[in-house]
Amino acid sequence: MRKYNGRSQVLVTGGAGFLGSHLCDRLLGEGHDVICADNLFTGSKRNIEHLLAHPRFELMRHDVTFPLYVEVDEIYNLACPASPVHYQHDPVQTVKTSVHGAINMLGLAKRTGARIFQASTSEVYGDPDVHPQTESYWGRVNPIGVRSCYDEGKRCAETLFFDYHRQYGLDIRVARIFNTYGPRMHPNDGRVVSNFIVQALRGEPITIYGEGEQTRSFCYVDDLIDGFVRYMRLEGPVPGPINLGNPNEFTIASLAQLVIELTNSRSSLVKRPLPSDDPMQRQPDIARARETLQWEPRVQLREGLARTIDYFDQLLREGS
Ligand code: NAD
Ligand code: UDP
Ligand code: UDP
């Protein structure tokens with residue numbers, strides 16, 4: 001691997017977003033040079049404000065649907081809006097970001113010989129009829145629904161990663177990320193953890209979609225980023241996609257109760273219609289990650305939520 005000044009040059013696309021900004025922190029902390037390429041669609045300078053003056057950090061305002069020519073050793077491709085509200089705002093751009101963005105980043109990896117990581121998603125499993133979801137499950141995805149721009153875009157990106165691997169020998173890592181939460185989530189992105197915490201802190205009603213019986217398994221951001229880095233460092237033949245997430249599964253109604261308890265909120269619960277194609281159940285099978293990466297989540301929901309609540313409490317006090 002080429003190293004300038006003895007350090008790896010790492011590109012993080014979507015580096016100003018929730019997960020990307022934590023990844024930039026981690027990589028800089030390990031002594032790498034980090035280029036963050038982000039069009040700031042859902043990310044913000046605020047997330048990386050503390051890094052802007054760092055001598056080994058560079059922010060490029062760039063849209064990954066356009067080619068990018070930089071010299072790097074490693075690429076983490078995270079650029080893509082992740083919350084349903086954001087990715088459904090401009091669905092065509094969401095598909096372009098996933099597909100054209102993947103082609104450009106794979107082209108970059110092909111030219112430079114960089115190892116490349118793809119932030120894929122549990123959404124590739126759709127509304128699953130296999131539970132918990134293992135990597136060998138092919139999924140149950142609606143190709144023409146409102147979530148399809150994201151789900152199918154990410155599935156096509158996976159296809160591209162594996163075809164560039166087979167056809168050109170690219171050194172790829174594909175992580176299927178399950179619901180992750182933590183500080184620097186966007187307060188208005190509509191995701192369940194940020195919505196519930198912000199509503200609880202403001203004393204507004206907590207919006208439960210449907211009956212709240214659908215489930216998700218929530219991973220704290222620090223655990224997830226540790227999984228990314230372990231995966232990227234793995235040498236030798238790399239097994240196919242790897243699920244990364246916390247296997248502890250909760251109903252949405254029980255999440256609401258926990259948030260109310262931890263915030264000492266007086267918020268009531270209100271029911272709202274269930275969005276279409278909303279998956280009923282989601283839980284990762286992480287046997288492959290345990291075995292190959294010696295990785296498993298350490299931070300449990302109560303503790304992770306407490307840290308996330310502190311973050312949002314501070315944010316709301318600052319009035320941003
Ligand atoms: P986020 O919205 O906070 O971050 C996405 C970042 O990508 C933002 O900074 C945004 O400005 C940037 N971006 C969007 N389109 C771009 C484009 N065309 N060019 C350049 N930058 C662009 O979301 P996140 O939660 O940090 O998600 C990061 C990645 O992880 C995404 O690819 C997402 O699909 C994936 N993922 C996240 C989760 C989760 O629970 N957080 C779960 C599964 C997968
Ligand atoms: N690309 C890029 N940076 C590079 C090399 C390639 O952004 O350093 C883009 C370029 O736009 C190209 C895409 O990656 O269209 C795919 O590259 P590849 O080499 O696979 O295909 P080709 O150049 O033959 O279209
Ligand atoms: N959800 C909810 N209330 C909200 C936001 C989301 O009940 O205010 C539900 C949503 O319908 C889904 C689950 O919480 O069943 C997780 O939603 P999110 O958008 O966070 O992620 P995803 O559906 O992509 O897993």
Side-chain angles (χ1 to χ4, degrees), residues 12-23 36-44 47-48 60-72 76-87 90 93-94 96-98 100-112 114 118-124 147 150-151 153-154 157 160 164 167-168 170 175-182 184-186 189-196 198-199 206-219 221 224 244-245 251-253 255-256 271-275 277-280 282:
V12 180
T13 76
F18 161 48
L19 298 180
S21 61
H22 287 277
L23 179 60
C36 161
D38 200 300
N39 69 353
L40 302 182
F41 170 45
T42 54
S44 79
N47 288 341
I48 46 164
M60 290 178 74
R61 192 164 183 141
H62 176 79
D63 183 324
V64 293
T65 62
F66 296 97
L68 176 63
Y69 286 81
V70 287
E71 304 311 312
V72 290
Y76 286 87
N77 187 36
L78 273 62
C80 186
S83 88
V85 170
H86 286 153
Y87 69 65
D90 185 349
Q93 174 66 13
T94 300
K96 287 182 183 170
T97 294
S98 278
H100 293 181
I103 291 173
N104 287 328
M105 292 309 106
L106 287 160
L108 173 62
K110 184 178 147 210
R111 183 181 62 76
T112 57
Q118 168 68 356
S120 191
T121 169
S122 53
E123 296 283 338
V124 301
R147 292 175 85 105
Y150 184 75
D151 302 7
K154 289 283 188 180
L160 285 161
Y164 268 78
Q167 204 169 326
Y168 302 117
L170 255 64
R176 291 184 177 154
I177 304 164
F178 284 66
N179 297 62
T180 301
Y181 68 99
R184 301 190 200 146
M185 291 183 89
H186 197 296
D189 75 3
R191 283 189 265 194
V192 69
V193 173
S194 43
N195 264 14
F196 284 5
V198 170
Q199 289 163 344
I206 303 230
T207 52
I208 303 224
Y209 301 162
E211 295 303 311
E213 284 165 7
Q214 70 273 36
T215 67
R216 294 293 186 273
S217 309
F218 299 100
C219 185
V221 59
L224 185 81
L244 292 178
T251 64
I252 294 304
L255 176 74
K271 290 194 176 153
R272 296 274 180 264
L274 191 67
D277 292 338
D278 200 278
M280 257 321 279
R282 197 183 283 151

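Side-chain atoms are counted along with the backbone in the values below, which use heavy atoms only and exclude waters and symmetry mates. Indexing begins at 1, ligand by ligand and atom by atom, following the structure's order.
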Per-atom contacts, ligand 3 versus Asn179 - under 4.0 Å to a heavy atom: 21 (O), 22 (P), 25 (O)
Aromatic ring pairing His22/Phe18, orientation class (parallel under 30°, perpendicular over 60°, tilted between): perpendicular
For atom 12 (C) of ligand 2, the protein heavy atom that lies nearest, with its residue and separation: Asn104 OD1, 4.2 Å
For atom 8 (O) of ligand 2, closest protein heavy-atom neighbour: Arg111 NE, 2.6 Å
Residue and atom name of the nearest protein heavy atom (relative to atom 17 (O) of ligand 2), distance in Å to one decimal: Gly107 CA, 3.3 Å
Value rounded to 0.5 Å, distance of OG1 in Thr97 from CG in Asp63: 5.5 Å
Best match, Asp90, Leu224, Asn39: closest heavy atom to atom 15 (N) of ligand 1: Asn39
Identity and distance of the protein heavy atom lying nearest atom 27 (O) of ligand 1: Ala82 CB, 3.6 Å
Aromatic ring pairing His86/His186, orientation class (parallel under 30°, perpendicular over 60°, tilted between): perpendicular
Atom 2 (C) of ligand 2: nearest protein contact (heavy atom, Å): Leu68 O, 3.5 Å
Per-atom contacts, ligand 3 versus Phe196 - under 4.0 Å to a heavy atom: 3 (N), 4 (C), 8 (O)
Check ion pair Asp278-Arg216 (N to O, under 4.0 angstrom): yes
Contact with ligand 2 for Tyr164, non-hydrogen, under 4.0 angstrom: yes
For atom 26 (O) of ligand 1, closest protein heavy-atom neighbour: Leu19 N, 2.8 Å
Nearest protein heavy atom with distance in Å, relative to atom 4 (C) of ligand 2: Tyr69 CE2, 3.3 Å
Proximity flag Pro81 to ligand 1, non-hydrogen atoms under 4.0 Å: yes
Test of proximity, Pro67 against ligand 2: N or O pairs below 3.5 Å: no
Option of least heavy-atom distance to atom 16 (C) of ligand 3 (set: Arg216, Arg272, Gln214): Arg216
Ligand-side contact atoms (ligand 3) for residue partner Gly190, heavy atom cut-off under 4.0 Å: 5 (C)
Nearest protein heavy atom with distance in Å, relative to atom 43 (C) of ligand 1: Ile177 O, 3.2 Å
Atom 10 (C) of ligand 1 - nearest protein heavy atom and its distance: Thr42 OG1, 3.1 Å
Residue-ligand contact Lys96/ligand 1, heavy atom below 4.0 Å: no
Identity and distance of the protein heavy atom lying nearest atom 4 (O) of ligand 1: Gly17 CA, 3.5 Å
Nearest-option assignment for atom 3 (O) of ligand 1, heavy atoms, candidates Phe178, Tyr76, Phe18: Phe18
Arg147 heavy atom under 4.0 Å from ligand 3: yes
N or O pair under 3.5 Å between Tyr168 and ligand 2: no
Atom 18 (P) of ligand 2: nearest protein contact (heavy atom, Å): Lys110 NZ, 3.5 Å
Glu123 and its side-chain hydrogen bond (donor to acceptor under 3.5 Å, both in side chains) partner, picked from Lys154, Arg176, Arg147: Arg147
Ligand 3 contact by Glu123, heavy-atom criterion under 4.0 angstrom: yes
